[in-house]
2 protein chains.
Amino acid sequence: MDECCTVNLTVRYLTKKWTLLIILELFKGENYTRRFSELKDRLPEITAKVLSERLQELEAEGIVSKTVDASVVPIRSEYTLTESGIELMEVVRGIKYWALKWKIDNIPCGSQECKLCKL
Amino acid sequence: MDECCTVNLTVRYLTKKWTLLIILELFKGENYTRRFSELKDRLPEITAKVLSERLQELEAEGIVSKTVDASVVPIRSEYTLTESGIELMEVVRGIKYWALKWKIDNIPCGSQECKLCKL
DNA sequence: CCGTATCCGACTTGATACTG
DNA sequence: CAGTATCAAGTCGGATACGG
């Protein structure tokens, strides 16, 4: 599979755990931007370790860009969806529409808007 | 995360390794149907164990239906995409379009149609 | 505050072998 | 052909520690 096509490769990293949910959280931020701690707060069960790993992977793929303002204390770092990252939201929306159409009866938080888990 | 909403839960199992690629292979079969060995042949690096596990999960989710003809030797079993499964192709298409738009230069097999990996 | 590093246990996936 | 069993390897989660 190492020598396979782009689409296959793309499925591989987009479907890594947390990746799509991180993209969704960035999308919901002002200017498609969120800070590390904001992401961590909004994805309550992710660990700093995995969040850090995923953000680096997304940056390497050109899906997320990182800016650091070291002139302030404490340091302020922000992660922003790139143009390609924003377009990935179509994939997340596709999953959401499908889930709301076919799995709506399973919603434990009682809302199609998924307020509880901020989705 | 165990007590989270449907969309979140849906992302969780749709993004398990191989799941989307299995759905794609079924979609490409006649009548959205393929046999176990066909799937295995077309997903060259999947193991029988994982393929079996994923198909059972997809069946449990109502995405795939299974039919077995035990009257022939060897036994013939077929897996077919349900209506909801067919609609999941929109998600796969979304990923494919995105990949072809943003990652086209990385294609090692030299084809947008991904002939090498049957994608 | 924003991380990275490490260790470790748990869960997931992979490799191989082996049946009806 | 269509799987299952077993065991090894990889990935993820959780806690903790540490540095910019």
Side-chain angles (χ1 to χ4, degrees), chain A residues 1-4 8-9 11-23 25-26 29 33-61 64-80 117, chain B residues 1-4 8-23 25-26 29-30 33-61 64-80 117:
Chain A
M1 198 60 75
D2 293 333
E3 294 299 330
C4 210
N8 204 318
L9 257 20
V11 169
R12 292 302 186 103
Y13 67 76
L14 284 186
T15 60
K16 288 191 81 166
K17 196 166 182 181
W18 295 110
T19 297
L20 287 178
L21 298 177
I22 291 168
I23 290 170
E25 275 313 320
L26 290 172
T33 299
R34 288 224 191 270
R35 302 173 62 181
F36 188 89
S37 56
E38 289 179 321
L39 291 170
K40 182 130 182 31
D41 291 343
R42 286 165 177 274
L43 271 3
E45 304 202 22
I46 200 170
T47 61
K49 182 183 111 178
V50 174
L51 179 55
S52 172
E53 287 169 358
R54 290 295 169 278
L55 287 170
Q56 285 177 34
E57 291 163 8
L58 290 170
E59 201 183 352
E61 290 293 341
V64 162
S65 65
K66 176 181 182 179
T67 57
V68 179
D69 183 353
S71 71
V72 296
V73 180
I75 278 183
R76 185 181 179 85
S77 40
E78 295 184 326
Y79 297 87
T80 303
C117 34
Chain B
M1 198 59 79
D2 293 331
E3 293 299 329
C4 208
N8 204 318
L9 257 21
T10 301
V11 169
R12 293 301 187 103
Y13 66 77
L14 284 186
T15 60
K16 289 190 80 166
K17 196 165 181 181
W18 295 110
T19 297
L20 288 177
L21 297 177
I22 291 168
I23 290 169
E25 276 313 319
L26 290 171
E30 193 174 346
T33 299
R34 289 223 191 270
R35 303 174 63 181
F36 188 89
S37 56
E38 289 179 320
L39 292 171
K40 184 137 181 26
D41 291 344
R42 286 165 176 275
L43 272 2
E45 305 202 21
I46 201 171
T47 62
K49 182 186 123 182
V50 174
L51 178 55
S52 173
E53 287 170 357
R54 290 295 168 278
L55 287 170
Q56 285 176 33
E57 292 162 8
L58 290 170
E59 202 183 353
E61 290 293 341
V64 162
S65 65
K66 176 181 182 179
T67 57
V68 179
D69 183 354
S71 71
V72 295
V73 180
I75 277 183
R76 185 180 179 87
S77 37
E78 294 185 327
Y79 296 87
T80 302
C117 36

Distance in angstrom units between A/K16 NZ and D/dT11 C1', rounded: 8 Å

Short side-chain N/O contact from A/Y79 to OP1 or OP2 of C/dG3, under 4.0 Å: yes

Would you say A/R35 reaches C/dC1's phosphate, i.e. side-chain N/O to OP1/OP2 under 4.0 Å? no

Show the numbers, then the answer: is there a side-chain contact (heavy atoms from CB on, under 4.5 Å) between A/E25 and A/L43? CA-CA 8 Å; A/E25 275 313 320; A/L43 271 3; 3.7 Å; yes

Would you confirm whether B/R54, through its side chain, and B/K17, through its main-chain N or O, come within 3.5 Å as a donor-acceptor pair? yes

Gap between atoms NZ and P, on B/K17 and C/dT13 respectively (whole Å): 8 Å

A/F36 CZ - D/dG20 P separation (whole Å): 18 Å

Whole angstrom is fine here: how far is it from CG in B/L43 over to C1' in D/dA2? 16 Å

Can you name the closest pair of heavy atoms from A/T19 and A/L14 and give their distance? CB-O, 3.6 Å

For the side chain of B/K40 and the backbone of B/I46, is there at least one donor-acceptor N/O pair under 3.5 Å apart? yes

Give a yes/no on whether any side-chain N or O of B/W18 is located under 4.0 angstrom from OP1 or OP2 of C/dT12. no

When rounded to the nearest 0.5 angstrom, what is the spacing between OG1 in A/T67 and CZ in A/R76? 9.0 Å

Which helical stems does DNA chain C take part in, if a stem means at least 3 consecutive Watson-Crick or G-U pairs with both distances below 3.5 Å? C:3-20 with D:1-18

Partners meeting side chain to side chain contact (heavy atoms under 4.5 Å, CB included) with A/E38 (sequence neighbours left out): A/R34, A/R35

Give one of base, sugar-phosphate or nothing for A/K40, where a contact means two heavy atoms less than 4.0 Å apart. nothing

Side-chain N or O of A/S37 less than 4.0 angstrom from OP1 or OP2 on C/dC1? no

In whole angstroms, how far is the P atom of C/dC1 from the CZ atom of A/R34? 17 Å

Do A/T33 and A/T80 have side-chain atoms, one donor and one acceptor, less than 3.5 Å apart? yes

So that I can tick it off, tell me whether B/K16 and B/E57 are bridged by a salt bridge, with the cut-off set at under 4.0 angstrom between side-chain N and carboxylate O. yes

Atom-pair distance (CD1 on A/I46; C1' on D/dA15), nearest Å: 16 Å

With the threshold set at under 4.0 Å for non-hydrogen atoms, list the residues of residues 47-57 of chain B touching DNA chain C in residue-number order. B/T47, B/K49, B/V50, B/R54

Looking only at non-hydrogen atoms, find the nearest pair between B/I75 and B/A70 and report the distance. CG1-CA, 4.1 Å

